[in-house]
Amino acid sequence: MRATLAMTKVQLRILRNDPWFLVIMFGMPLVVMPLFKQTMGLSLVASGFEGASGAEQVVPGQVVLFGFFVGGSAGFSIFREHGWKTWDRLRASSASPVSLLAGIAIPWIMIHVAYQAVLFLAGGLALGLRFNGGSPVAALLTMFGYSVVVISLIMLAASSFRTVHQLSAVQNVGAMAFGGLGGALVPHDQLPGWAQAVAPFTPAYWAMDGFRSVFLEAGGIDDVLVPLAVMLGAGAVLSALAARRFRADETKEFFA
Amino acid sequence: MLVARGIEKNYGDVSALVGADLDVAEGQIVSLLGRNGAGKTTLLSVIAGLIAPDAGSVQIGGMDAFAKPRSVASLVGIAPQATGVYPVLTVRQNLEFFGELAGLDRRARARRASEVAERLGLSDLLDRMGGKLSGGETRRLHTACALVHTPKLLMLDEPTVGADVATRAQLIEAVRELADEGAAIVYTTHYMPEVEALEAEIVIIDKGAVRATGTQAELIASHSLRGVRFQTDGFVPAPTMGFEPERVATDTYRVLGDIEMPDLLDHLGPDAGRLVSVEALRPDLETVFLAATGRRLDAEGGEV
């Protein structure tokens, strides 16, 4: 617990000292969102959501899409310790490997939730996204669930791969494939049939399901419990697999 | 404080350690002396719990290091050979983090960070980012991170590699002070002058095994060699020389024993004019190392 807390604090401190990655990751979706707002608005209206502006799809969609990219940094943090040659120092301490892993995952879950919340806030200010009767708490719970499942998935990938390029490939492909299939780019009901069938196997689908309930259907906490449960359940399984797969003495190549 | 017995470690067909033993008492500095690849780092890594051995035992502070790795880890400070500090944290943040990881509370780690920074000449750099330090400063911070929790057993793996003269002197002074305060210290190096400066108990390690142990004086008394080493311009057939020199490199030979320079010239006869260089082997750590391993060390830890 002590080691996890120390690791959590140092991860946050590193990000505070070098925040440019997050700054860029905030900026990119804010540039992309306005480009698709009108098209998504027409698409939502065609799907029966009268009065939708498009922000209800494009803001959550970009949050989910870029959320996967941001989540990838949790995995890079492990590789970075190897690149900085600090990993052996951590291993030589009295901290257990799992507590070190948790000390990297937990702060990134916190960062990931904050990232989504700020993007939603910015989307609200810039594109006029409103709750329209939906529950802010339900939106926050959905963000939390999505953060847990994404970070867990990335930690499993980081535990399994030896080079940072392998992890990077998973991050990029995962973001685009999961985002596309999960309805982050276009609404799920407008995807091809086969894509709609596989969509529930992606974290993005469940996150978009929760956000759709809140922003398009005025949903409350009850309405996001299913996607929340699925994401937390998947996150628990993926975290357990990551902890089981994680080998503290495995050499990881930061520059491969 | 440290008792390691019969440590073996194999990587496939390569034996990195073949029954290495090591003892270090409180307040004692033990210098592991060996060429690159001799097994020094592997031995330290096994003791620190970073590598699992194939055989052997390690007791630290009376505890079985393999049975209670977490309990033992709090007694140990290690500065691996490759410098490992956080470049985007300040010197103070680096020190306090490793203190916190070792269980120091806020006040204790702040105090210890200041103390070790002062000891290693980092006090004026506490608020500088790790990535903005010079090579020597980084090396000192790297070592300081291993000291911050006041370990009972400190292991420094080639702590002065790439360090400037001032840093080297500062580190050696700090190591001696820590030993005076009661820490058991293992210091690996291939620099003979450092071993002499530390006045350490010397353990010569080669091909994964301990070849000789003792103080400098003891080792010189028991292992050192006299003789000459010379280089010729072109191959000189042994019969011409009149004695049996040992060929140690291309056109480089060694004769052990109480041979004097005139004897060598006499023996070489007409080939004396082909001498390029002659070096007398005097009783010192270098010849101890030569006697114990059959090889000499160059400045980079390679063999000559």
Side-chain angles (χ1 to χ4, degrees), chain A residues 1-24 73-74 76-104 106-108 111 164 246-255, chain B residues 41 44-52 65 68-90 92-106 109 127-132 138 141-146 148-149 151 153-155 157:
Chain A
M1 189 62 192
R2 180 195 72 228
T4 300
L5 183 63
M7 284 293 290
T8 297
K9 283 157 59 177
V10 88
Q11 295 296 318
L12 295 173
R13 197 165 282 150
I14 287 169
L15 198 65
R16 190 185 68 191
N17 289 357
D18 183 16
W20 282 103
F21 165 76
L22 268 190
V23 170
I24 291 165
S73 287
F76 290 134
S77 296
I78 295 177
F79 284 84
R80 192 177 56 193
E81 298 284 352
H82 285 265
W84 285 342
K85 309 288 184 194
T86 45
W87 184 247
D88 275 348
R89 306 200 80 137
L90 300 179
R91 285 181 56 215
S93 75
S94 55
S96 71
V98 171
S99 67
L100 295 175
L101 199 62
I104 292 174
I106 289 169
W108 275 102
I111 292 163
V164 77
F246 186 63
R247 290 270 315 279
D249 59 348
E250 186 176 66
T251 302
K252 293 193 182 292
E253 303 293 339
F254 189 55
F255 302 105
Chain B
T41 296
L44 253 59
S45 298
V46 167
I47 294 167
L50 297 173
I51 294 176
K68 297 181 176 176
R70 300 291 141 219
S71 303
V72 162
S74 62
L75 302 177
V76 178
I78 181 168
Q81 191 170 344
T83 50
V85 300
Y86 290 96
V88 294
L89 295 182
T90 65
R92 188 193 309 276
Q93 288 170 339
N94 267 284
L95 293 170
E96 291 193 356
F97 167 63
F98 284 107
E100 186 173 9
L101 199 62
L104 300 185
D105 62 30
R106 181 190 297 265
R109 57 182 183 259
D127 295 320
R128 186 173 296 181
M129 287 291 175
K132 300 284 185 189
T138 305
L141 172 58
H142 172 72
T143 303
C145 289
V148 75
H149 63 295
L153 171 64
L154 176 64
M155 296 193 287
D157 192 1

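Here the structure is a predicted model, which is why all the values come from computation and not from measurement. Computed from heavy atoms alone, side chains included, the values below leave out hydrogens, waters and symmetry copies. In what follows, every chain begins at residue 1, and chains take the letters A, B, ... in the order their sequences are listed.
With a 4.5 angstrom heavy-atom cutoff, Ala52(B) does not touch chain A via any of its atoms. Residue contact with chain A, scored on non-hydrogen atoms closer than 4.5 Å, involves the backbone and the side chain of Val88(B) alike.
Applying the side chain to side chain contact (heavy atoms under 4.5 Å, CB included) test to Ala74(A) and every residue at least two apart in sequence or in another chain returns Trp108(A), Ile151(A), Ile154(A), Met155(A).
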Using the side chain to side chain contact (heavy atoms under 4.5 Å, CB included) rule, take Phe97(B) and Leu90(A) through it: C-alpha gap first, then chi angles, then the decisive distance, then the call. CA-CA 10 Å; Phe97(B) 167 63; Leu90(A) 300 179; 3.6 Å; yes
Short donor-acceptor contacts under 3.5 Å linking chain A with chain B:
unit_1: Arg2(A); atom_1: NH2; unit_2: Leu101(B); atom_2: O; d: 3.3
unit_1: Lys9(A); atom_1: NZ; unit_2: Glu100(B); atom_2: OE2; d: 2.6
unit_1: Asn17(A); atom_1: ND2; unit_2: Val88(B); atom_2: O; d: 2.7
unit_1: Asn17(A); atom_1: ND2; unit_2: Gln93(B); atom_2: OE1; d: 3.0
unit_1: Glu81(A); atom_1: OE1; unit_2: Tyr86(B); atom_2: OH; d: 2.7
unit_1: Glu81(A); atom_1: OE2; unit_2: Tyr86(B); atom_2: OH; d: 3.2
unit_1: Arg89(A); atom_1: NH1; unit_2: Gly84(B); atom_2: O; d: 3.2
unit_1: Arg89(A); atom_1: NH1; unit_2: His142(B); atom_2: O; d: 2.9
unit_1: Arg89(A); atom_1: NH1; unit_2: His142(B); atom_2: ND1; d: 2.8
unit_1: Arg89(A); atom_1: NH2; unit_2: Ile78(B); atom_2: O; d: 3.3
unit_1: Arg89(A); atom_1: NH2; unit_2: His142(B); atom_2: O; d: 2.9
unit_1: Arg91(A); atom_1: NH2; unit_2: Leu50(B); atom_2: O; d: 2.6
unit_1: Ser93(A); atom_1: O; unit_2: Arg70(B); atom_2: NH1; d: 3.0
unit_1: Ala95(A); atom_1: O; unit_2: Arg70(B); atom_2: NH1; d: 2.8

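Contact count versus chain B (heavy atoms, under 4.5 Å) is highest, among Ala248(A), Ala3(A), Ala95(A), for Ala95(A). Per-residue heavy-atom pair counts under 4.5 Å with chain A were compared for Pro80(B), Ala82(B), Ala102(B), Pro87(B), and the maximum is reached by Pro87(B). Interface check for chain A: of the options Gly77(B), Gly103(B), Ala146(B), Gly130(B), the most heavy-atom pairs under 4.5 Å are formed by Gly103(B). Chosen from Cys145(B), Ala48(B), Pro69(B), the residue pairing most often with chain A at heavy-atom distances under 4.5 Å is Cys145(B).
Sorted by first and then second residue, the salt bridge (Lys or Arg N to Asp or Glu O under 4.0 Å) pairs involving residues 75-87 of chain B (not counting sequence neighbours) form an empty list.
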